[in-house]
Each structure stands twice: as C-alpha cells, then as structure tokens.
There are 2 protein chains.
Amino acid sequence: MDKTKTTRNTAAKTAVLEILTQSKIALSHTEIQKQTNDLCDRVTIYRILDRLVNDDIIHKIVNLDGTVKYAKCHHHAQRVHIHNHAHFSCEKCLEITCLENVKPSYIIPHNYKVNEINFTLSGLCPNCLNSNN
Amino acid sequence: MDKTKTTRNTAAKTAVLEILTQSKIALSHTEIQKQTNDLCDRVTIYRILDRLVNDDIIHKIVNLDGTVKYAKCHHHAQRVHIHNHAHFSCEKCLEITCLENVKPSYIIPHNYKVNEINFTLSGLCPNCLNSNN
DNA sequence: ACTTTAATGCAACATTGTTGCAAGTTAAAT
DNA sequence: ATTTAACTTGCAACAATGTTGCATTAAAGT
C-alpha cells in the first residue's frame with residue numbers, strides 16, 4: 001500500500017529474486033523457501049515477496065485451486081507495469097507459466113470500473129500434452 | 001472426481017443450497033456457515049460445498065486476494081455446464097458477483113489444451129462507483 | 001421394515017499467512 | 001570513517017482455512 005518507503009537490498013531479498021529469475025515457472029512461498037536452504041526465516045520470505053510485489057518486480061498469481069504463486073516478469077516495456085497477461089495452470093504437472101502474449105479482450109458494462117484483471121487458463125501444458133499418459 | 005456416487009439430499013445440503021440461491025453475490029465458507037446458524041458442523045459445510053461443486057450445481061471462485069467463494073449459477077442452458085463467464089470483485093465492498101454475460105475472447109498457442117478458464121476483474125462495482133467516498 | 005452406503009459430528013491435524021517486538025543491517029548524511 | 005534513521009529480520013505466538021479418520025446417523029431403494 002505505502003509506496004513512499006524505500007526498500008533495501010538484503011541477502012535474503014537478492015536470493016529470493018534470484019530464485020524467481022532463474023525459474024521458468026511460477027513458484028509458491030513454500031517452493032521458494034525450500035530453494036533458499038534456510039537462509040532466512042519463513043516470515044521473512046513472506047515479507048520479501050510482499051515487497052517485491054509492491055515494487056512491481058514480481059507478480060502474484062492465484063490459481064483456480066487457490067494456490068498462490070509468484071513469478072518475475074520478463075517484459076518491462078512500459079514504465080507502469082500492468083499484469084494483464086494470462087497464466088496457464090497445468091492440471092497434470094501443476095506448473096504455472098505466464099503466457100505473456102495472451103491477453104483477453106472483453107466487453108463489460110460501463111458502470112463497472114476495472115482496475116485489475118486476472119485471467120487464468122487451466123488444462124494441459126505442451127509437455128504433458130505430448131507425453132500422453 | 002468420482003462421478004459415479006449418488007448424492008443424497010439432507011437438511012444441511014438443502015440449507016446451504018438455499019442460502020446460495022437467495023444470495024445475489026458469491027459467498028465464502030465462513031459467510032455460509034454464519035447464515036446456517038449452527039445447523040451443522042463446519043466440516044460438513046466444506047463437504048457439502050465440495051459435493052455441490054462436483055455435481056455442477058454451484059461453482060467455486062478464487063479471488064485475486066486468494067479468497068475462495070461459491071455461487072449458484074442462474075443459467076442452465078447447456079447440459080454440460082461450463083463456467084467460462086467472468087467474475088467481478090469489488091475492491092471496496094469486497095463483494096464478488098458473476099458477470100454471466102461477460103466472456104473473454106483470446107488466442108492461445110495450439111499446443112495448449114484448455115479445459116477451464118478463470119476470468120476475474122477487480123475494481124469498483126456500480127454501487128461503490130456511485131457512492132464516491 | 002430392511003439394507004446399503006452416503007452424510008455427519010467430532011477431534012485432531014496440516015497448511016498458509018499475519019502480527020508485535022526486540023535486535024540487527026542498510027544506506028545515506030555528516 | 002562514523003553516525004544515524006529507519007528498513008529488515010528472527011522469533012514466538014496467533015489466526016484462518018482446509019483436511020482426515022472414524023464411529024454414528026440417516027437417506028433412498030428394495
């Protein structure tokens with residue numbers, strides 16, 4: 001909420017961001033925690049993720065099943081970063097990926113003011129679609 | 001998952017369904033529980049909701065903030081019920097409503113198989129947009 | 001009425017996320 | 001290089017949400 005505070009670079013923050021940068025898929029808090037190898041407390045990771053989301057460096061994805069994941073955005077064309085792209089959630093391997101080029105078009109009654117959209121598709125990803133078992 | 005089991009009508013199930021039928025907005029497990037007035041256990045409501053979702057009588061909505069809500073569908077044109085309509089989540093009053101007529105169009109790479117979509121818009125609903133405070 | 005099996009209540013547990021506060025660190029100012 | 005303000009962390013405690021096992025109850029068909 002408060003965008004006035006300056007945020008600092010710490011070892012834990014750098015580690016979390018590095019993990020997200022390296023990952024091709026979105027990661028949950030727990031998955032990130034496992035990869036940090038007890039570098040810092042569980043709570044600290046929650047707070048780091050909050051900060052990174054607030055600073056528009058990563059974005060938060062809520063899946064159809066309620067799972068919350070985080071992903072770093074690989075495009076930074078605009079100054080102001082709007083996360084209006086789609087996410088794909090594979091029902092088999094459970095991985096969530098950003099479909100940065102897929103953007104929905106829609107018509108909504110004029111008496112609604114839209115600030116944010118969330119568009120998640122679920123089904124089978126290319127990998128699981130090929131390995132048919 | 002197992003669609004072969006038959007489901008039974010019980011007092012608790014009827015009550016939960018009635019609450020959802022009466023409501024114009026989507027309700028969370030907790031909100032439903034409050035309205036039941038301790039008719040049944042908390043766990044029972046979870047199980048009833050699972051059953052109703054499985055039987056395609058209600059649908060589950062996961063909001064941007066991770067909140068899970070349930071809503072009864074008011075259209076039943078098709079035999080097979082696909083929940084591809086949009087949901088609107090008001091940032092002010094926190095109410096979630098189904099926008100049954102709003103359906104997104106999109107283009108997705110052919111190597112993905114889409115089974116389900118979730119399209120949630122958030123911002124200000126007509127009510128909160130008018131009362132500008 | 002009887003039988004089968006789905007549904008329920010209860011207790012216990014698991015997961016996920018939040019908060020307060022003292023102590024530690026960062027980055028800027030001196 | 002020191003100092004300093006305030007951001008960050010660890011820890012403990014808590015809260016909310018959802019799940020599981022099992023004995024008991026009740027629905028629906030016969």
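All chains are named by letter (A, B, ...) in the order of the sequence lines, taking the proteins before the strands, and each is independently numbered beginning at 1.
Checked by atom type and distance alone, the side chain of B:Asp65 pairs as donor or acceptor with a backbone atom of B:Thr67 at under 3.5 Å. Put simply, the side chain of B:Thr21 gets close to the backbone of B:Leu17: a donor and an acceptor are under 3.5 Å apart. Side chain of B:Asp55 to backbone of B:Ile57: no donor-acceptor contact under 3.5 angstrom is found.
Remark: B:Ile25 CD1 to B:Cys98 SG distance equals 11.0 Å, nearest 0.5 Å. Within the model, atoms OG of A:Ser131 and CG of A:Asn127 stand 7.0 Å from one another, a figure rounded to the nearest 0.5 Å.
Residues from residues 61-71 of chain B that place a heavy atom under 4.0 Å from any atom of DNA chain C: there are none. For the segment residues 26-40 of chain A, residues with any heavy atom less than 4.0 angstrom from an atom of DNA chain D are, sorted by number, A:Leu39, A:Cys40.
Nucleotide C:dA11 holds its C1' atom 10 Å from the CG atom of B:Asp41, rounded to whole Å. The nearest whole Å value for the distance from the CD1 atom in A:Ile48 to the P atom in D:dC7 is 16 Å. Distance A:Arg51 CZ to D:dC7 C1': 8 Å, rounded to the nearest Å.
Residues A:Arg42 and A:His29 approach most closely at O-NE2, 3.2 Å, considering heavy atoms. Residues B:Lys103 and B:Glu100 come closest through the heavy atom pair CE-O, 3.6 Å. The two residues B:Leu129 and A:Asn111 come nearest to each other via the heavy atoms CD2-O, 3.3 Å. Closest approach of B:Asn115 and A:Gly123 over heavy atoms only: ND2-CA, 3.7 Å.
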Would you write out the dot-bracket form of DNA chain C, 5' to 3', with Watson-Crick and G-U pairs under 3.5 Å, [ ] for crossing pairs, | for pairs to other strands and . for unpaired bases?
||||||||||||||||||||||||||||||
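Residues passing the ring pair (Phe, Tyr, Trp, His ring centres under 6.0 Å) test with B:Phe119 are A:Tyr106, A:Phe119, sequence neighbours excluded. Not counting sequence neighbours, the partners of B:Cys40 by the side-chain contact (heavy atoms from CB on, under 4.5 Å) test are B:Ala12, B:Thr44, B:Ile45.
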Reading nucleotides 19-30 of chain D from the 5' end, what letters show protein touch, with B for base, S for backbone sugar-phosphate only, - for no heavy atom under 4.0 Å?
BBB----BBS--
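Residues A:His59 and A:Tyr70 place their aromatic rings such that the two centres sit no closer than 6.0 Å.
Using a 4.0 Å cut-off between a side-chain N of Lys or Arg and a carboxylate O of Asp or Glu, B:Glu31 and B:Lys69 qualify as a salt bridge.
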